[in-house]
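One structure below.
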Amino acid sequence: MKMIKSSKVLLASSILAALAGCGSSDDFTPEAKVNNSAPVHGGDISVNFHEKDAIKFISLLGTPAGTSTGEGVATDADGNFLSVTDVVVQTSGDRAEEIEGLGIGLQGNEFGISPVTIAPLLDTDETHTIVVNYNITDGANKAPRMATFTITGEDFAPVIANNIISNYTKDAGVQIIDGLANVSDADNEVLTLSNLVAGSENPFTLPVTINGSNLEVDVASVENDIPDGQKVTFNFTYTVSDHRFDLEREVTINVLGVKDIAGAPLVLDYFLKENINETDGMLMVDLAKDIEEREGDAVIISEIMLDGMAYTDSFAGRVDGNTLYFNPNAYFDDVEAGSFKDFTFTMKVADDQGNMSDGERELVITVNGVESNLLAAGGMDVGFEVDGAGFEAFNCGAGAEITTSLVANGNSSFQMLGAPCYYATPASVFPDMEVGGKYYFHYNAYVGAGDASPYIMLNKDTSGTHNFWVGARPWHPANASWRPLMIEYDTEAGYLATANGDGETPMDVADQLRLFVMSAWVGNDGMPAFDDFNFTRYDNIEGVDILTGSPGSFEDDSFVPTTSGGGLVEVREDTNDASNKVLYVDTTGATEAVTISFPVETGAIASDGKYRVTFDVQYVNFDANKDAGTDPNINQWGGYTFDVVFKNADTGLEFTKQSTIWNGNALGRFQGVADETSHWWGFGADTDWSTENATVDFVLKGVGAQYIIDNIEIVRIP
């Protein structure tokens, strides 16, 4: 057993001295506080951890289960302040000598445990135990207590993200390949390479050797064996090892035999590479770069193929002249967070005189998956597949459980067993929200019975002033069904910016906010279940506009809006800025809601997709209509609505983003999130948006209303 030295906290008492005033002999002696009873508690503390668990602070004055509130917390019958003293820490286990005091620390009356810090030193089924002996004192009396924390290890095998493909021209000489590129190990162990084996199908011997963590490729030795105009492929395998696991990895080496053809463009680099995140905007690649045209003729790029298939225009990208446009947003569903996917383009190079360069040029675009779900990034088990890690009970009298009987996705979900029940993310899991940011919280909920959906709120505790009921609340029909629900948070508006009595807003304590899920209302005791928590910031994602030709700035003189319902819809000069053009709408005389339809790029709308909707709007004659009471679309609080409807004309499928605008007669910007899963077909329906007839319709229900609309942009977001 390893003894860890711990500093002791000395509690100093204050002495109140009675000072005799000039000309006075009165003395004052404060009444002594009663201190007859020693502190009591519900028993020793015992908490188990897995090495992947996030850091957690355990109250040494808390319950035997390690929670800060509940049955068994330390109390004092005299009502005296309690604190921890005489702390002695001992460790034991398979690696106690190596670990010593790593990953632990005393902070006031809390003991911090960081399993992930210890993780590299623990293998599968190895344990590390921390025993804390201490006294609970009220300043005069003491009660002994012991806390035992056990961390169970798991030895992780290395993770190989993908196999290696390397391309060289035959004059490349000797090349180096990083054999551990895109290899990770959760234990941070030293990794080695061994057992290099050439594929039996290799046409001849290409010398490749292991040198530390690299592979050395001697292309020069086979230069004369590579036929002109052909690509010769060599395959190898080798082993990546940590101290316990051996994993095989494949490497493919392509050697291109090209020659300089007189009169044709000289390709200086046959292998182009680009790297991009899935949340980035449109990537533009000049396919004619690094090509020398010695006669001054125009370079022509042709026969562009993506992974062996002809590349055609879609939301995923297009080719305009020699420029390739590639949209990474089209691949949100294809690339996992922390992983990546390569997209390989091939093409022919020629000049405008018909002189073709030797071989094919290749472009590899690597799309990196991004963890946009801030709860997952913080360590929360957002799908409740691993015992709900990162989600803890808070005054849950009715109880809760991970269940496999009610599941939206995966194998498990989280179910409250009645009211009251409060569950919350720890502050360490919930992200620090930024002023100016816009976020959405999307989740799947099941309510078997009751009058409304359970509470969701952001706060630093459940007793604060800024509680759920001053904000929006998604509705659930409580009909024993799963339903996708979403709450949007604007840190500069609404609940997060609303001050309480002392002027403090929730954003003033943004680094202390937590996400609370509650079944607390007696009218809603239907034992709700939850799955698939997703908390994402959406305003800072660059993205690519899904509208065909991105017409939303209305600067194109040839643009003619497609409308229905009557009224007047036309592109005009902006009355606020003569250099700008806007869409002007007057609903006077309209026979129904005025609808403006914008075509959508093929493939832009996807099942389970989410879309950021942004536009500027001004209700020009708002004040007159509000005062006269002639427009029923203006509500009693002074807001008016737009419906933004996503439609598939071939199937009748649609979903709507209902937008309430609060800027009165002033020009303002709206930004919100439309959710494809909110369509009327129901939860889990397999929807098909593979159509060239998809539109986004702006539906204006105002009566006798004049609007200016500008800068429409709709972007797919994670």
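Please read all numbers here as calculations on a predicted model, not as lab measurements.
Every residue was checked against the salt bridge (charged side-chain N to carboxylate O under 4.0 Å, His left out) condition with Asp290, not counting sequence neighbours, and none meets it. For Tyr440, there are no ring-ring contact (aromatic ring centres under 6.0 Å, His included) partners, not counting sequence neighbours. Residues meeting the side chain to side chain donor-acceptor pair (under 3.5 Å) test with Thr252, sequence neighbours left out: Asn235.
Heavy atoms only, all atoms of each residue included: Ile104 and Gly101 are closest at CG1-O, 3.2 Å. When every heavy atom of Arg361 is checked against every heavy atom of Lys289, the shortest pair comes out as NH2-O, 2.6 Å. Annotation for Asp185 and Ala157: closest pair OD1-C, 3.7 Å, computed over non-hydrogen atoms. The two residues Phe683 and Ala408 make their nearest non-hydrogen contact at CZ-CB, 3.7 Å.
Remark: the backbone N or O of Thr67 is paired with a side-chain donor or acceptor of Thr63 at under 3.5 angstrom. Judged purely by atom type and a 3.5 angstrom limit, Tyr423 has no side-chain atom pairing as donor or acceptor with the backbone of Met416. Using a distance-only test at 3.5 Å, with no hydrogens or angles considered, a donor-acceptor pair links the side chain of Asn163 to the main chain of Glu250. A donor-acceptor distance shorter than 3.5 angstrom exists from the side chain of Asn329 to the backbone of Asp280, with no hydrogens or angles considered. Panel note: side chain Asp44, backbone Ala147; no donor-acceptor pair is recorded below 3.5 Å. Using modelled atom types, no side-chain atom of Ser68 and backbone atom of Gly62 make a donor-acceptor pair closer than 3.5 Å. Ser413 places a side-chain N or O within donor-acceptor distance of the main-chain N or O of Leu406, the cut-off being under 3.5 Å.
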CA sep, side-chain torsions, deciding dist, call: Phe234, Phe204, ring pair (Phe, Tyr, Trp, His ring centres under 6.0 Å): CA-CA 8 Å; Phe234 303 87; Phe204 47 86; 5.3 Å; yes
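Evaluated for a ring pair (Phe, Tyr, Trp, His ring centres under 6.0 Å) with Phe414, the options Tyr446, Tyr443, Phe384 yield exactly one hit, Phe384. Phe111 pairs in a ring pair (Phe, Tyr, Trp, His ring centres under 6.0 Å) with only one of the listed residues (Phe149, Tyr134, Phe57), which is Phe149. Each of Leu121, Ile118, Leu122 was evaluated against Glu98; a single residue qualifies, Leu121, per the side chain to side chain contact (heavy atoms under 4.5 Å, CB included) test.
By the 4.0 Å N-to-carboxylate-O rule, Glu362 lies close enough to Lys231 to be salt-bridged with it. The residues Glu392 and Arg514 are annotated as salt-bridged, a charged nitrogen and a carboxylate oxygen being separated by less than 4.0 angstrom. A salt bridge links Asp539 with Arg537: the distance from a Lys NZ or Arg NE/NH1/NH2 to an Asp or Glu carboxylate oxygen falls below 4.0 Å. A salt bridge links Glu126 with Arg95: at least one charged nitrogen is closer than 4.0 Å to a carboxylate oxygen. Electrostatic pairing of Lys273 and Asp342 does not count as a salt bridge here, judged by no charged N lying under 4.0 Å from a carboxylate O.
Residues Phe245 and Phe156 keep their aromatic ring centres 6.0 Å or farther apart. Taking the six-membered ring where the residue is Trp, the centroids of Phe345 and Tyr311 are separated by under 6.0 Å.
Between the side chains of Asn409 and Asp532, a donor-acceptor pair is found at a separation under 3.5 Å. Of the N and O atoms on the side chains of Thr404 and Asn411, not one donor lies less than 3.5 Å from an acceptor on the other residue. No side-chain N or O of Asp608 forms a donor-acceptor pair with one of Thr677 less than 3.5 Å apart. Using a 3.5 Å distance cut-off with no hydrogens or angles, the side chains of His442 and Asp675 do pair a donor with an acceptor. In this model, no donor atom of one side chain and acceptor atom of the other lie less than 3.5 Å apart for Thr279 and Asn277. Using a 3.5 Å distance cut-off with no hydrogens or angles, the side chains of Thr403 and Ser405 do pair a donor with an acceptor. There is a side-chain donor-acceptor pair under 3.5 Å between Asp123 and His243.
To the nearest 0.5 angstrom, Phe391 atom CZ is 9.0 Å from Leu375 atom CG. For the atom pair CD1 (Ile210) and CG (Leu196), the distance works out to 5.0 Å, reported to the nearest 0.5 Å. Taking OG1 from Thr491 and CE from Met507, the interatomic distance works out to 4.5 Å, rounded to the nearest 0.5 Å.
Atom CG of Leu102 has more than 12 neighbouring heavy atoms from other residues, nucleotides or ligands inside a 6.0 Å radius.
Using a 30° and 60° split on the angle between ring planes, Phe535 and Phe441 fall in the tilted class, from 30° to 60°. Ring orientation note: the planes of Tyr331 and Phe343 are tilted relative to one another, at an angle of 30° to 60°.
The side-chain heavy atoms of Val174 and Val217, taken from C-beta on, include no pair separated by under 4.5 Å. The closest side-chain heavy-atom distance from Gln90 to Asn133 is below 4.5 Å.
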